[in-house]
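First comes the structure, then the notes that go with it.
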Amino acid sequence: MTANTPVPFLDLVTQHRRMETELVAVFSDALRSARFIGGPAVEKFETNFAAFCTTRFCAGVASGTDALRFALIAAGVNPGDGVITVPNTFAATVEAILQAGASPAFVDVDEKSCNMDMERLAHYLDTRCMLEKSSGRLVHRESGRPVTAVLPVHLYGQMVDMDAILDLAEQYNLLVIEDACQAHGAEHFSRRENRWKKAGSLGDAAAFSFYPGKNLGGCGDGGAVVTSDARIARTVTMLREHGQAEKHYHDIHGYTGRLDAIMAGLLDVKLAHLEEWNQVRRRHAQHYRRLLGASESVGTPDEAPWARSVYHLYVIRSARRDALQRHLHQRGIASGLHYPIPLHLQKAYGSLGYKEGDFPVSERLAKEILSLPMYPELHSEQIARVSEEVIHFSESQTGPATEAPPPRGHEHRGSAIFPI
Ligand SMILES: Cc1ncc(COP(=O)(O)O)c(C=O)c1O
């Protein structure tokens with residue numbers, strides 16, 4: 001590796017080369033048995049992933065978006081209900097709420113963690129909602145709409161303050177569905193239980209994505225719902241299978257939403273490495289922090305004392321983000337934006353009625369965040385090189401940061417897949 005060797009945003013090829021024999025064996029077995037849908041490969045992965053998440057059940061589904069949608073429906077969110085989430089997340093979080101027939105309501109995120117701000121959530125529940133005396137239901141004061149769930153997103157690999165969420169959920173009678181699509185193996189120290197708990201094991205149910213670039217990624221799309229509630233698990237298995245618990249008996253409206261057997265087999269091979277990969281990501285994050293922490297013009301990710309992030313993404317902040325990204329790009333260093341337009345300002349969600357200025361922290365983050373290369377196969381020399389370029393750029397800038405908005409499509413996509 002020379003000083004000019006490009007640094008990709010993500011390197012799945014190296015990972016796959018290292019385990020090629022095992023991965024190819026999964027394909028060969030599937031071709032020979034022709035078990036492509038359901039069967040032992042899916043069941044084995046589900047058992048192992050539930051054990052990894054320390055939940056009683058896991059149901060493999062076709063994507064993280066399906067996992068969110070099925071978890072919401074199975075947990076009891078009805079069409080017309082309100083579901084509270086954040087604008088600083090991937091679009092799928094909101095897509096799933098809308099696909100379940102519910103209506104998303106946003107609260108802003110916290111400046112440090114970039115995750116749901118608990119004070120803002122408490123304020124929203126206190127001032128915008130009320131508990132109906134007759135039914136005990138929480139309703140939105142203005143619309144009269146029942147508000148039935150909160151959907152915290154463990155963004156970038158760090159969990160939301162789940163103790164605070166669970167306290168509020170109890171107080172306001174809310175379901176909690178975790179969006180753990182970026183947080184496979186992340187942990188949260190539960191002050192309630194005085195122990196570390198895994199992402200997915202705290203809410204009523206949780207959704208994971210196995211999109212290729214995730215900490216646990218397949219060779220295509222995939223997802224899972226984990227839960228310790230037998231009724232939710234059973235309903236998810238029906239939803240993914242056209243509403244059937246038994247062949248030919250369609251008891252509820254369902255979907256084609258299964259995890260393929262080949263994907264489950266591939267994921268099971270990779271799952272054996274996940275704990276180790278997450279440790280390596282944490283070491284990489286420490287390395288970045290050591291090198292970048294000295295610069296005042298670069299904001300490094302904050303890890304709460306009660307959180308063990310698995311650094312799905314390593315997201316820094318810079319007032320001159322777009323110029324910094326161009327600088328890195330010119331030197332062969334790929335980077336990403338997660339996410340440059342908060343969801344309340346996306347065209348698709350205009351009908352929700354939000355406007356610029358409604359969620360100032362999310363809007364500020366959208367302008368300042370930059371995701372640096374982060375994956376287990378990254379070398380320390382590459383981290384040093386990326387950091388050196390970030391520091392070099394940042395220290396050479398003087399005067400106020402006034403940036404023109406980035407041209408559409410400027411974001412470096414890294415490879416054929418978009419690491420979302
Ligand atoms: C936070 C978040 N939620 C939901 C999803 C949806 O997952 P999928 O792409 O597998 O549908 C993703 C990732 O893609 C995500 O990052």
Side-chain angles (χ1 to χ4, degrees), residues 9-10 12 45 49 58-72 83-100 104 106 109 113-116 149-160 176-186 199-200 203 205-226 236 239-240 255-260 263-264 266-267 270 309-315 336-343 346 348-349 362 365-366 369 371 374-375 411 413-414 416-420:
F9 187 68
L10 184 64
L12 290 174
F45 172 69
F49 194 63
C58 165
V61 297
S63 67
T65 313
D66 273 0
L68 281 168
R69 175 170 39 144
F70 296 165
L72 287 164
V83 174
I84 306 167
T85 193
V86 286
N88 183 39
T89 177
F90 184 57
T93 311
V94 163
E95 284 168 356
I97 295 171
L98 291 166
Q99 288 165 7
F106 292 127
V109 295
S113 67
C114 308
N115 277 332
M116 188 178 274
V150 58
L151 206 173
V153 184
H154 306 317
L155 203 69
Y156 308 149
Q158 174 164 221
M159 288 181 70
V160 177
V176 179
I177 309 299
E178 298 171 63
D179 182 337
C181 288
Q182 300 193 3
H184 315 67
F208 287 88
S209 163
F210 303 126
Y211 185 80
K214 303 295 186 196
N215 288 32
L216 179 63
C219 301
D221 280 311
V225 175
V226 299
V236 171
L239 286 166
R240 73 177 177 187
Y255 305 83
T256 312
R258 298 168 295 241
L259 179 69
D260 290 336
M263 202 62 66
L266 298 170
L267 286 166
K270 290 189 171 196
S309 172
V310 288
Y311 292 95
H312 170 56
L313 295 165
Y314 192 81
V315 180
L337 303 179
H338 304 89
Y339 297 92
I341 306 173
L343 294 187
Q346 290 284 4
Y349 310 124
S362 294
L365 285 171
I369 40 93
S371 308
M374 169 55 88
Y375 40 93
E411 181 186 357
R413 298 287 190 184
I417 63 156
F418 308 154
I420 51 180

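Start at 1 and go down the list; that is how both ligands and their atoms are numbered.
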Would one find an N or O of Tyr211, backbone or side chain, under 3.5 Å from an N or O of ligand 1?
no

Taking the side chain as C-beta and beyond, is there a heavy-atom pair between Phe45 and Leu266 under 4.5 Å?
no

Under 3.5 Å: N/O of Asp221 near N/O of ligand 1
no

Relative to the heavy atoms of Thr89, which atoms of ligand 1 are at a distance of less than 4.0 Å?
1 (C)

From the list His312, His184, Lys270, Gln182, side-chain hydrogen bond (donor to acceptor under 3.5 Å, both in side chains) partner of Asn215 resolves to His312

Ligand-residue contact atoms, ligand 1 with Ala92, heavy atoms, under 4.0 Å
4 (C), 5 (C), 6 (C)

Could you tell me which atoms of ligand 1, counted from 1 in the order shown, lie closer than 4.0 angstrom to a heavy atom of Ser63?
10 (O), 11 (O)

Ser309: side chain to side chain donor-acceptor pair (under 3.5 Å) partners, not counting sequence neighbours
none

Is ligand 1 under 4.0 Å from a heavy atom in the side chain of Thr65, in the backbone, in both, or in neither?
both

Test of proximity, Gly64 against ligand 1: N or O pairs below 3.5 Å:
yes

Okay, side chain of Arg240, backbone of Ala62: is any donor-acceptor separation there less than 3.5 Å?
no

Interfacing atoms of ligand 1 (cut-off 4.0 Å, heavy-atom, Cys181):
2 (C), 3 (N), 4 (C), 5 (C), 12 (C), 15 (C)

Where is the tightest heavy-atom contact between Ala183 and His154, given as atom of each residue plus distance?
CB-CB, 3.6 Å

Of all residues at least two apart in sequence or in a different chain, which pass the side-chain contact (heavy atoms from CB on, under 4.5 Å) check with Val109?
Val86, Asn88, Val361, Ser362, Leu365

Side chain, backbone, both or neither: Val153 near ligand 1, heavy atoms under 4.0 Å:
side chain

Ring-plane angle category for Phe208 and Phe49, please: parallel below 30°, perpendicular beyond 60°, tilted otherwise.
perpendicular

Looking only at atom types and distance, does a side-chain atom of Thr85 sit under 3.5 Å from a main-chain N or O of Leu151, one as donor and one as acceptor?
yes

At a 4.0 Å threshold, what atoms of ligand 1 neighbour a non-hydrogen atom of Thr93?
3 (N)

Under 4.0 Å from a heavy atom of Lys214: which atoms of ligand 1 are those, numbered in the order shown and with their elements?
12 (C), 13 (C), 14 (O), 15 (C), 16 (O)

